[in-house]
Amino acid sequence: MTVIDSLVRNEILNSLKERNKSESRPHFHIIKSHSKLAELNITLKQEINELKMDNQRLIQENLELRKSSGSGITTTTLSVDKYQLFEEKLLKAQEEVIDLQKRLVDQTQQVISLNKTLKEKDDELSTKEVKILELENKIETLKTINKELENKIAACEEQLKVWKDEKVEIELQYNCLLQKFNKAKEEYQQILNASLRFREEQIEKMNKFNELEAERIQLKLKEELLKAQTDFTHVNLNDNPMSAAASNQSLKMHAYSIPLVNKAVYKFDCNEGEVNAIKYHRNGKYFATGGGDRKIKLWELKDGKTEHIGSLIGSNASVASIDIDSENNLIAGTSFDFACRLWSMNDHRLRLSTGDVQPTHTLTGHTNKVLSGKFLGVMKVVTGSYDRTLKVWDLMQKACIKTLFAGSSCNDLVTLDSQSIISGHLDKKIRFWDIRMDPPQSEISLQGKITSLDISSNRNYLLASIRDENCLKMIDTRMNQVTETFCCEEYRPGFDWARAIFSPDMDHQFICAGSADGSVIIWNSASTKVEKVLKEHNASVISLAWHPQGHHLITCDAKKKAVIWACK
């Protein structure tokens, strides 16, 4: 038996002795009283028996006296006196017997009560003994558990010793790797500086080349102007001026109308996975697409076919939206990785400032995926996220300068000018913001969650796609009222960020949107009737873009396919 077992056993024994003493003390006087009452009971019984015997003896003597009552006056007188004396003794004895019987009854009742109490205490003692037995069994179990824990502690101490040895070894390895890292960091800094110098040299060469190209174009324009001055066309002065005006008006009307696309002229694989966004450059020379492969790809349309001219990398998740700033030659892409990034269109890289190690225009601060981002005025960007906020970023300060709390996840937004923003949300509301004030200026409640927004060329009308009702709403931004509703059986948005767009002409002649079954529906904005339903996709159409001059339409689906539509 170990020292610990002996100590535990002694402690348990002392506890049991203390418990026995504390539990026996309240019953000691009861047991003592019971013993005294039992002795008194026996004594009283003996006295009663003696009194009964005396009573029998007196009765016998009384009978004898009655028999000898005729033996003379003197004897009679003495017998009468003696009889009266015996009668008094008998009455007194009877009273004592009655009193003793009463005392016996009381003592008997006390004995019964004490017996009952004693039985209860015996039962309680039995219960305590059972509990003590259970506790002893529990003590044995705890001893076993304690032994197992001691074994575990010993094993843990051995493991801790091993870990300490490993920690020392890892610290040595860490110090070695840290030295290597510092050396690699220095080499990286040297390479980065050399790269920046090389890039600056390339930019200077490109600027010189652009200046020479601009001078060449100026010289060519001067030559063409000189040639035009000497070789002008003949003008018939007899022509009707009204007919000329009509012709000019016809040309003007033609310039503002676009053809209705009706045929797929080219189909190609775009980004890997879904294609969430597509955007044309303002000059119409190239367009950008982004999607599930975490890249923004740049494309140029030549001879009816697309040519891949570059990829913008750096996103850590699917690209959700794209916007192009033609003035500063920047492209912004929002992503599901809670960030918005800006690339330079000159070198197809994330924007870097001289001497910076990290990209200066990676905009982080949202706490959920960023579904939409648009340029706001000069060197500003506004982003909308599922974290229920809109953030305004200053690209010169490289920081968020305003956070607008919408209260609902933002699926898309558009900008009217450098101060005004319109956002569409999952809570079925369109909110109109002025970044100079926190709360929205006004709201419009619709019947379903808003999947996309688009603004017309003249900034007078807003197009909203509503998923729950499978329809489009056209809103007059001057009155904040719904003016038209566009719907058809084929139209059913497949994603919460499925887009719908206006045609690029000033009269927004057409409205176009893609459906979950791969259909592309084109409505007439004036009559709200379906002009054409185009079918070429085999998956849900998510994004689409019209050429700035309206020559053709590009649509992209959830299975990396893009289709170019034109009028044939």
### Query
Between D387 and T367, is there a donor-acceptor pair closer than 3.5 Å when you use the side chain of the first and the backbone of the second?
yes
### Query
Do T451 and S465 have side-chain atoms, one donor and one acceptor, less than 3.5 Å apart?
yes
### Task
Determine whether more than 12 heavy atoms belonging to other residues, nucleotides or ligands lie under 6.0 Å from atom CZ of R467.
yes
### Query
Does a salt bridge link K369 with D337, judged by any charged N lying under 4.0 Å from a carboxylate O?
no
### Query
How far apart are the closest heavy atoms of H552 and A566, and which atoms are they?
CB-CB, 4.3 Å
### Closest contact, heavy atoms only, L330 versus S344
CD2-CA, 4.2 Å
### Query
What's the spacing between W393 CH2 and L376 CG if we round to 0.5 Å?
13.5 Å
### Query
Any salt bridge between D293 and K295, counting N to O under 4.0 Å?
no
### Query
In terms of heavy-atom contacts, does OH of Y174 have more than 12 from other residues, nucleotides or ligands at under 6.0 Å?
no
### Message
Within this structure, what is the CD1-CD1 distance for the pair I296 and I331, rounded to the nearest 0.5 Å?
### Response
5.0 Å
### Message
Below 30° counts as parallel, above 60° as perpendicular, anything between as tilted: where do the rings of Y286 and H281 land?
### Response
tilted
### Query
Is a side-chain donor or acceptor of T477 paired with a backbone partner of R459 at a separation under 3.5 angstrom?
yes
## Note on the structure
Applied to residues 306-339, the ring pair (Phe, Tyr, Trp, His ring centres under 6.0 Å) test, sequence neighbours excluded, yields W299-H308, F336-W497
#### Entry: Residue of the set E531, Q509, K529 for which side-chain hydrogen bond (donor to acceptor under 3.5 Å, both in side chains) holds with N524
E531
### Query
What is the minimum heavy-atom distance between Y491 and G514, and which atoms define it?
CE1-O, 3.4 Å
## Note on the structure
Rounded to the nearest 0.5 Å, the OG1 atom of T528 sits from the CG atom of L472 at a distance of 11.0 Å
### Query
Given the rule in the side-chain contact (heavy atoms from CB on, under 4.5 Å) test, do F375 and T415 qualify, once you have shown the distances and angles that lead to the verdict?
CA-CA 8 Å; F375 285 99; T415 58; over 6 Å; no
### Query
Checking S385 side chain against N368 main chain: does a donor-acceptor pair fall under 3.5 Å?
yes
### Task
Using only heavy-atom distances, determine whether the side chains of S519 and K535 contain a donor-acceptor pair under 3.5 Å.
yes
### Message
Are there over 12 heavy-atom neighbours, none belonging to E443, within less than 6.0 Å of that residue's CD?
### Response
yes
#### Entry: Electrostatic pair D476:R478 at N-O distance under 4.0 angstrom
yes
#### Entry: With H425 via ring-ring contact (aromatic ring centres under 6.0 Å, His included) - residues at least two apart
none
### Summary
Shortest non-hydrogen pair, K532 vs N262, comes out as CE-CB, 3.9 Å
### Query
Charged N to carboxylate O below 4.0 Å: is that the case for K449 and D496?
yes
### Query
Hey, is D412 close enough to K374 for a salt bridge, meaning N to O under 4.0 Å?
yes
### Task
May I ask you to check whether over 12 heavy atoms, not counting those of K263, lie within 6.0 Å of atom NZ?
no
### Task
Verify the distance criterion only: is there a donor paired with an acceptor across the side chains of Q189 and N193 at less than 3.5 Å?
yes
### Query
Does the S409 side chain pair with the main chain of Y386, one donor and one acceptor, at a distance under 3.5 Å?
yes
### Query
Of the non-hydrogen atoms in I322 and G290, which two are nearest, and what is the gap between them?
CD1-N, 3.4 Å
### Pair N271-K560, side-chain contact (heavy atoms from CB on, under 4.5 Å): steps then yes or no
CA-CA 5 Å; N271 300 70; K560 75 179 181 180; 5.8 Å; no
### Task
Find the distance between NZ (K285) and OH (Y280) and round it off to the nearest 0.5 Å.
13.5 Å
### Query
What class does the angle between the rings of W565 and H537 fall in, given that below 30° is parallel, 30 to 60° is tilted and above 60° is perpendicular?
tilted
### Query
Hey, what do you get for NZ (K391) to NZ (K402), rounding to the nearest 0.5 Å?
12.0 Å
### Message
Counting neighbours of CG on D394 that are heavy atoms of other residues, nucleotides or ligands and sit closer than 6.0 Å, is the number greater than 12?
### Response
yes
### Task
Would you sort out whether I450 and N411 count as a side-chain contact (heavy atoms from CB on, under 4.5 Å), showing the intermediate values?
CA-CA 7 Å; I450 314 300; N411 274 332; 5.7 Å; no
### Query
Is any side-chain heavy atom of D557 closer than 4.5 Å to a side-chain heavy atom of V563?
no
### Query
To the nearest 0.5 Å, how far apart are NZ in K429 and OG in S445?
4.5 Å
### Message
How close do S456 and H508 get, counting heavy atoms only, and between which atoms?
### Response
CB-ND1, 3.9 Å
### Qualifying residue, where the test is side-chain contact (heavy atoms from CB on, under 4.5 Å) with S372 and the options are V414, L453, L413, L390
L413
### Query
Going through the distances and angles, do C512 and V520 end up as a side-chain contact (heavy atoms from CB on, under 4.5 Å)?
CA-CA 7 Å; C512 185; V520 179; 3.5 Å; yes
